[in-house]
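Take a look at the structure below.
The figures here come from the full heavy-atom set of this structure, side chains too, leaving out hydrogens, waters and symmetry mates.
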Amino acid sequence: MLPAPAYDLLLPHDRAGVLPVREGEPDLLALFADAEDPAGPYVRANMVGTLDGAGVGPDGRSASISSPADRRMFRVLRALADVVLVGAGTVRVEGYRELPVAEHLRDARAALGRAPRIALAVVTRRGAVPPDVRPGGLPPFVVTGRDGRDAATAAVGADRVLAVPERDGALDLAAGLGALADRGLPHVLTEGGPTLLGDLLTAGLVDELCLTTTPLLAGPAAPGLLDGEARLASPAGARLRHLLHADGTLLARWDLRGPAAGGATSGEVSAPPVGSGA
């Protein structure tokens, strides 16, 4: 196993304690077990940010603001995913060439019924995909619209293109998620970038947000976690499902499904909408 720090589980209170690194990471997998049987697509977003809200470091990549604690969770969330959904710009900048499952998590992944390999899905209006993006030797799925369909077909083949309608000039991401689920890929992990995550959040398509905060400052000019022009009609609330700590890094799991998901369980924290007066 790769070296990684133990976590302090701070919340929920009734499960607080130390989570050491163990083969198969059973303690961490147990924290996410409630999302194992979704009725349809289940979208988990995973992002890392600095104390001042930057989503990337000076080199324009998220790896430069990561930490060993963040990378431990990153490996677990990848192992839980059927497919990683990212924007085309993030593919180019971050270098999505392979999506390996960590060796110590492969048996646990298989026990959950996941395929040995993680699929990649790229969201792009223009249908442009770098030719060397072939994780596991397979082309990615491409979620695109009418304007990008021909380019995407030329890049990855018709069977890997998920053409979706466009609404007000934006891709219908809900249709794309449904198409992935129809392909047997309901457990979706999105890693951004900022524009795609903003679009997914604005459309109410993210079920949970795993947000890692590392003890770093990037400065006011650094790009943030979200980008785009869309706004919610009113700030949406969230429930804190768990909070972990290691070496100054905080790792939070936020449930974004709203009141329909039920009240907070023992030790959970409900966050009211900003400006609610609570």
Side-chain angles (χ1 to χ4, degrees), residues 32 42-78 80-81 84-96 120-124 143 170-171 173 177 188-258 269 271-275:
F32 294 95
Y42 189 92
V43 181
R44 173 178 290 136
N46 183 37
M47 300 294 283
V48 60
T50 63
L51 292 174
D52 51 352
V56 295
D59 60 354
R61 302 180 68 178
S62 60
S64 59
I65 60 169
S66 183
S67 68
D70 175 53
R71 288 187 285 275
R72 179 185 175 190
M73 182 61 71
F74 177 85
R75 291 189 287 268
V76 170
L77 297 183
R78 282 272 183 99
L80 287 170
V84 171
L85 179 73
V86 289
T90 298
V91 168
R92 290 188 289 269
V93 172
E94 299 278 2
Y96 279 74
L120 176 65
V122 180
V123 179
T124 166
V143 180
L171 296 177
L173 296 175
L177 294 170
V188 179
L189 176 65
T190 182
E191 297 173 352
T195 301
L196 176 59
L197 181 57
D199 290 343
L200 289 166
L201 287 169
T202 302
L205 297 174
V206 180
D207 295 289
E208 65 176 73
L209 171 63
C210 293
L211 179 60
T212 297
T213 305
T214 53
L216 299 170
L217 296 171
L225 292 168
L226 298 179
D227 195 10
E229 299 179 357
R231 289 194 176 202
L232 295 172
S234 61
R239 291 191 299 135
L240 182 59
R241 299 301 298 269
H242 69 238
L243 181 65
L244 303 167
H245 165 267
D247 299 333
T249 293
L250 291 173
L251 305 99
R253 181 192 181 205
W254 292 96
D255 188 336
L256 306 184
R257 292 172 292 179
V269 178
V274 174

Specify the closest pair of heavy atoms between L225 and A54, including all atoms of both residues, with the distance to one decimal. CD2-O, 4.3 Å

Provide the full list of side chain to side chain donor-acceptor pair (under 3.5 Å) pairs with a residue in residues 204-224, sequence neighbours left out, each pair given once. Y42-E208, R44-E208, D70-T212, E208-R253

Which value, rounded to the nearest 0.5 Å, describes the distance between M73 atom CE and S67 atom OG? 11.0 Å

D247 vs T249, side-chain hydrogen bond (donor to acceptor under 3.5 Å, both in side chains): CA-CA, chis, key distance, verdict: CA-CA 6 Å; D247 299 333; T249 293; over 6 Å; no

Minimal heavy-atom distance between L240 and A252, with the atoms involved, is CD1-CB, 3.8 Å

Heavy-atom side-chain proximity of W254 to H242 below 4.5 angstrom: no

Does some side-chain heavy atom of T190 sit less than 4.5 Å from a side-chain heavy atom of V84? no

Mind listing the closest non-hydrogen atom pair of A69 and A246 along with its distance? CB-CB, 3.8 Å

Could you walk me through whether V122 and V143 satisfy the side-chain contact (heavy atoms from CB on, under 4.5 Å) test, starting with their C-alpha distance in whole Å, then the side-chain angles of each, then the deciding distance to 0.1 Å, before giving a yes or no? CA-CA 6 Å; V122 180; V143 180; over 6 Å; no

Roughly how far, to the nearest 0.5 Å, is NE2 of H245 from CG of L251? 9.5 Å

Quick one, I65 and V48 - any side-chain contact, counting heavy atoms below 4.5 Å? yes

Can you tell me how far apart CG (L196) and CG (L200) are? Round to the nearest 0.5 Å. 4.5 Å

Grab the two heavy atoms, one from T124 and one from A88, that are nearest each other, plus how far apart they are. CB-CB, 3.8 Å

With a 3.5 Å distance limit and no angle check, can you tell me whether D227 reaches the backbone of P194 through a side-chain donor-acceptor pair? no

Quick one: CG on L205 to CG on D199, what's the gap to the nearest 0.5 Å? 9.5 Å

Distance-minimising heavy-atom pair for E94 and G60: OE2-O, 4.4 Å

Run the salt-bridge test on D255 and R257 with the 4.0 Å N-O cut-off and return the result as yes or no. yes

Over all heavy atoms of both residues, which pair between G192 and M47 is shortest? Give the atoms and the distance, please. N-SD, 4.0 Å

Taking the side chain as C-beta and beyond, is there a heavy-atom pair between C210 and F74 under 4.5 Å? no

Would you give the length of the straight line joining atom OG1 of T50 to atom CG of D52, rounded to the nearest 0.5 angstrom? 3.5 Å

Can you tell me how far CG of L120 sits from CG of L85, rounded to the nearest 0.5 angstrom? 8.5 Å

If you apply the rule side-chain contact (heavy atoms from CB on, under 4.5 Å), what do you find for V188 with L177, and how did you get there? CA-CA 8 Å; V188 179; L177 294 170; 4.1 Å; yes

V86 and V123, any side-chain heavy atoms less than 4.5 Å apart: no

For the residue pair E191 / T90, report whether a side-chain donor-acceptor contact shorter than 3.5 Å exists. no

